[in-house]
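Atoms considered below: every heavy atom in the structure, side chains included; atoms not considered: hydrogens, waters and symmetry mates. In what follows, every chain begins at residue 1, and chains take the letters A, B, ... in the order their sequences are listed. Computed from a prediction, not measured in an experiment: that's the story for all the values here.
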Amino acid sequence: MNVRTRFAPSPTGFLHIGGARTTLYNWLFARRHQGVFILRIEDTDEVRSTEDSVQAILDSMRWLGLDWDEGPVDQQKDLGPYAPYYQMKRLELYQRHVRELVQAGKAYPCYCTKEELDAMRKLAMAEKRPVRYEGRCRDLTDRQRSELEASGRKPSWRFRMPDEGQTVVDDMVRGRVSFDNKLLQDLVIQKTTGGPTYNFACVVDDHHMEITHVIRGDEHLSNTPSQLRLYEALGWAPPCFAHLSMLLGPDGSKLSKRHGATSVLEYKTAGFLPAAMRNYLALLGWSTTDSRQLFFGDELIGAFDLAGCQKNPAVFDRAKLEWMNGEYLRKLDLRELMAHAGPFLAAAGLSGALTPPLERTVALEQEKCKLLTDVPNRVDFFYKEVAFAEKAMAGVLRKPGVKDILLDLAGALGGLEPFEEKPLEGAIRDYCGQKGLKTSQVFHPVRAACSGRTEGPTLFGMLALLGKDKVVGRLRAAAGLL
RNA sequence: GGCGUGUUCGUCUAGCGGCCUAGGACAUCGCCCUCUCAAGGCGAAGAUCACGGGUUCAAAUCCCGUACACGCCA
């Protein structure tokens, strides 16, 4: 079977973490089976849908490296055999199928107003009956219909749901789930505005786009029996379904803004790598039987399997994501790292041909970075005025004897040739020996004086890169403050 | 309210009747390495497998019920 999956977001905001994971699974499944991954825009919510949201979603997907084979590249063109990929441009198609159902006696106009339906719902709740459309307009005569039309009412169109029997959803993640048809209500398939409802458009599009596997969030499981009835009524074979568990915040409620960053793009600006993001997201609700954590390159695609999906919801854990990002960052070769870190360095005012070269200082600190934002933070002291951290000043420099040590070394190192790692180490260790000082009594103040910090790169490598002028100058300057 | 789904260390999870005195990963703590910070290595702590019944020689694993959480109807 030629696998075709899709991601079908509503463009009513940015792409959030949960949606990104759903997309990722669809993408992985398609790639795993050499299938096709489609992007479709479900913009039938005319009030809340915006083109900005579409662009934000596309940007997020591009950043994550989730490329789609069909879908909205240029909404003016919308090329492709199943185009257009915006639902609002496919209204005719939905309306055609509504008419088809009406002609077959499987759908009918409903003239109930929103207020009437609300009232019925309230009544049902008060009487503790199931909340469900009672079929008031189900069997109106033509005459009653024309009267209602004449009174100015515009109908919505409802699908006549069968009353008897059961509908079984054979889900690839959750197994066989059955629903009583009695509890399914006559679904609105076309709104009074002429637009389709979500469940109807979804079925029509999935059919016409020849989707073979619908991989989506758990919240749609309860809609699936109704959709299955629609497939049946239209004479179409339904796709396979896989319902994914939801993503929760640390307090166990649905992941939302109050739990921190939920937009994919926020993770981009926070300095995460797309590959790490993909790896982490994949593991939220999916695992291999050996609980493997890291999948580099195409390994994720090779390993992905719907059978490994978890039924219960997962809590998003930023700490683990950060650990994983560090793993990916360390594995990058210097060129790749520079490419990824470039924008972050530039934002910190570090770009172009600097002395010492950025590649050299970045290389020195690569293994310690977890986030791309760490990169400028760890190397900026090479280039900027030394800013003394409180810990460095009070904890290291303002100690008896430090001033003399700094001054002595400024003198000694001023004549050192070549000013390189090994000779530097030799010279400074010799100085410790002559003065009878423990190495730590000297190393720490030198580091603090030259970087303003108590932590940083390996000392002699750092001094060598800094160069003689800066080292001597900084040693003197620091001594001057004491 | 009805229906549906879920419930294994703080978190992500392995587990599909005996290999489980429950394994791995993150986080936490300790030790080692060490010029600092990381990384790395080693180790510790951490889960009466939501609870209660059953089935079975044997249950985290199968069945029933309860509780709680979430979702859908909205």
Side-chain angles (χ1 to χ4, degrees), chain A residues 114 117-118 121-122 124-133 166-167 169 171 173-175 177-188 199 217-226 243-255 279-294 307-327 329-330 364-370 374 377-378 389 391-392 395-396 424-425 428-429 432 438-448 451 453-463:
Chain A
K114 190 177 178 302
L117 291 169
D118 282 345
R121 181 160 57 231
K122 276 195 191 122
M125 278 171 82
E127 295 175 359
K128 306 205 170 185
R129 282 182 288 116
V131 176
R132 163 176 198 275
Y133 177 67
Q166 296 220 308
T167 299
V169 178
D171 192 273
V173 173
R174 324 196 86 92
V177 185
S178 54
F179 297 82
D180 236 328
N181 287 347
K182 268 205 294 291
L183 298 162
L184 267 28
Q185 63 178 337
D186 286 358
L187 200 73
V188 174
N199 280 297
D218 192 25
E219 68 268 26
H220 291 117
L221 181 58
S222 301
N223 290 327
T224 310
S226 300
H243 287 93
L244 271 18
S245 59
M246 313 212 16
L247 255 33
L248 306 178
D251 62 354
S253 67
K254 195 171 171 176
L255 193 64
N279 193 154
Y280 178 71
L281 250 21
L283 252 26
L284 275 184
W286 169 79
S287 63
T288 54
T289 51
D290 60 357
S291 278
R292 182 171 167 195
Q293 303 294 308
L294 268 7
C309 288
Q310 190 76 9
K311 296 187 189 72
N312 47 306
V315 175
F316 185 84
D317 178 15
R318 188 180 171 116
K320 184 160 181 177
L321 208 209
E322 287 192 14
W323 161 76
M324 201 171 267
N325 205 60
E327 294 289 322
L329 225 44
R330 242 168 274 128
L364 214 51
E365 290 292 86
Q366 174 170 10
E367 62 184 14
K368 298 170 191 174
C369 296
K370 277 189 165 169
D374 293 340
N377 289 338
R378 296 193 100 104
K391 253 165 69 182
V396 178
L424 275 163
E425 179 162 8
I428 294 174
R429 283 189 190 277
C432 296
K438 283 192 289 188
T439 53
S440 61
Q441 286 176 281
V442 176
F443 292 175
H444 295 329
V446 172
R447 171 187 304 287
S451 71
R453 308 174 184 195
T454 55
E455 81 293 325
T458 170
L459 183 61
F460 310 109
M462 172 181 117
L463 296 179

Touch class at under 4.0 angstrom, heavy-atom based, for A/Q310 against every strand present: sugar-phosphate

Partner nucleotide of B/C70 by Watson-Crick or wobble geometry (both distances under 3.5 Å): B/G4

Sugar-phosphate only, base, or nothing, as touched by A/S245 at under 4.0 Å among non-hydrogen atoms: nothing

From A/S451 atom OG to A/R378 atom CZ, the distance as rounded to the nearest 0.5 Å: 11.5 Å

Atom-pair distance (NZ on A/K182; C1' on B/C3), nearest Å: 12 Å

Protein-nucleotide distance (A/D317, atom CG; B/C9, atom P), rounded to Å: 15 Å

Which nucleotide in B/A14, B/U5, B/G24 has an atom nearest any side-chain atom of A/V177: B/U5

Pairing of A/R174 and A/D218 as salt bridge, 4.0 angstrom limit: yes

Gap in Å between the two P atoms, one belonging to B/G24 and one to B/G43, rounded: 11 Å

B/U7 phosphate, OP1 or OP2, under 4.0 Å from A/N312 side-chain N/O: yes

A/F316 vs A/L321 side-chain heavy atoms within contact, under 4.5 Å: yes

Side chain of A/A314 (C-beta onward), nearest among B/C12, B/G6, B/C35: B/C12

Separation of the C1' atoms in B/A27 and B/C70, to the nearest angstrom: 26 Å

Interatomic distance at P, B/G23 relative to B/C63, whole Å: 26 Å

Nearest-angstrom distance from the residue atom CG of A/L248 to P of B/U5: 18 Å

Close side-chain approach of A/Q366 to A/L329, heavy-atom, < 4.5 Å: no

Out of B/C12, B/G6, B/C72, whichever nucleotide has its closest atom nearest the side chain of A/P313: B/G6

Assigned partner base of B/G65, Watson-Crick or wobble definition, under 3.5 Å: B/C51

Nearest-angstrom distance, C1' atom, B/C19 to B/U28: 31 Å

Whole-Å gap separating P (B/A27) and CG (A/L321): 12 Å

Worked check of side-chain hydrogen bond (donor to acceptor under 3.5 Å, both in side chains) between A/K182 and A/Q166: CA-CA 8 Å; A/K182 268 205 294 291; A/Q166 296 220 308; over 6 Å; no

Sugar-phosphate, base or nothing in reach of A/G285, heavy atoms under 4.0 Å: sugar-phosphate

Which nucleotide in B/G23, B/C3, B/A25 has an atom nearest any side-chain atom of A/L183: B/C3

Separation of A/E327 CD from A/E322 CD (nearest 0.5 Å): 13.0 Å

Spacing of A/Q441 atom CD relative to B/U36 atom C1', expressed in whole Å: 15 Å

Distance, P atom - from B/U21 to B/G2, rounded to whole angstrom: 41 Å

Complementary nucleotide for B/A22 - Watson-Crick or wobble, under 3.5 Å: none

A/N181-A/T167 side chain donor-acceptor pair, cut-off 3.5 Å: yes

Assigned partner base of B/U56, Watson-Crick or wobble definition, under 3.5 Å: none

Counterpart base for B/A44, defined by Watson-Crick or G-U wobble contacts under 3.5 Å: B/U28

Whole-angstrom distance between B/A47 and B/A60, as gauged at atom C1': 11 Å

Sugar-phosphate only, base, or nothing, as touched by A/F316 at under 4.0 Å among non-hydrogen atoms: nothing

Rounded P spacing from B/C31 to B/C9 in Å: 29 Å

Side-chain heavy-atom pair A/W286, A/L244 within 4.5 angstrom cut-off: no

Nucleotide nearest A/T289 when distance is taken to its side chain, options B/C35, B/A74, B/G15: B/G15

A/R174, nearest nucleotide to its side chain (from B/C73, B/U5, B/G24): B/U5

Sugar-phosphate, base or nothing in reach of A/S287, heavy atoms under 4.0 Å: sugar-phosphate

Residue A/L459, side-chain atoms from C-beta onward, closest of B/C73, B/C35, B/G6: B/C35

A/K311 atom NZ, over 12 foreign heavy atoms within 6.0 Å: no

Which residue lies more 5' along RNA chain B, comparing A/T458 with A/M246 via nearest heavy atoms: A/T458

CA sep, side-chain torsions, deciding dist, call: A/D317, A/Y280, side-chain contact (heavy atoms from CB on, under 4.5 Å): CA-CA 9 Å; A/D317 178 15; A/Y280 178 71; 3.5 Å; yes

Any A/Q185 side-chain nitrogen or oxygen under 4.0 Å from OP1 or OP2 of B/A74: yes

Per-nucleotide protein contact string for nucleotides 37-46 of chain B (B base, S sugar-phosphate only, - none; heavy atom under 4.0 Å): BBSS------

Atom pair distance, as rounded to whole Å: NZ in A/K311 and P in B/A50: 14 Å

Interatomic distance where CG belongs to A/D180 and C1' belongs to B/C72 [whole Å]: 15 Å

Between P of B/C26 and CZ of A/R292, the distance in whole Å: 15 Å

Inter-nucleotide C1' distance (B/U66, B/A39), Å rounded: 50 Å

Derivation and outcome, side-chain contact (heavy atoms from CB on, under 4.5 Å), residues A/M324 and A/L283: CA-CA 11 Å; A/M324 201 171 267; A/L283 252 26; 3.8 Å; yes

RNA chain B: 5'-proximal contact among A/N199 and A/Y280 (nearest heavy atom): A/Y280

Touch class at under 4.0 angstrom, heavy-atom based, for A/R318 against every strand present: nothing

Sugar-phosphate only, base, or nothing, as touched by A/R447 at under 4.0 Å among non-hydrogen atoms: base

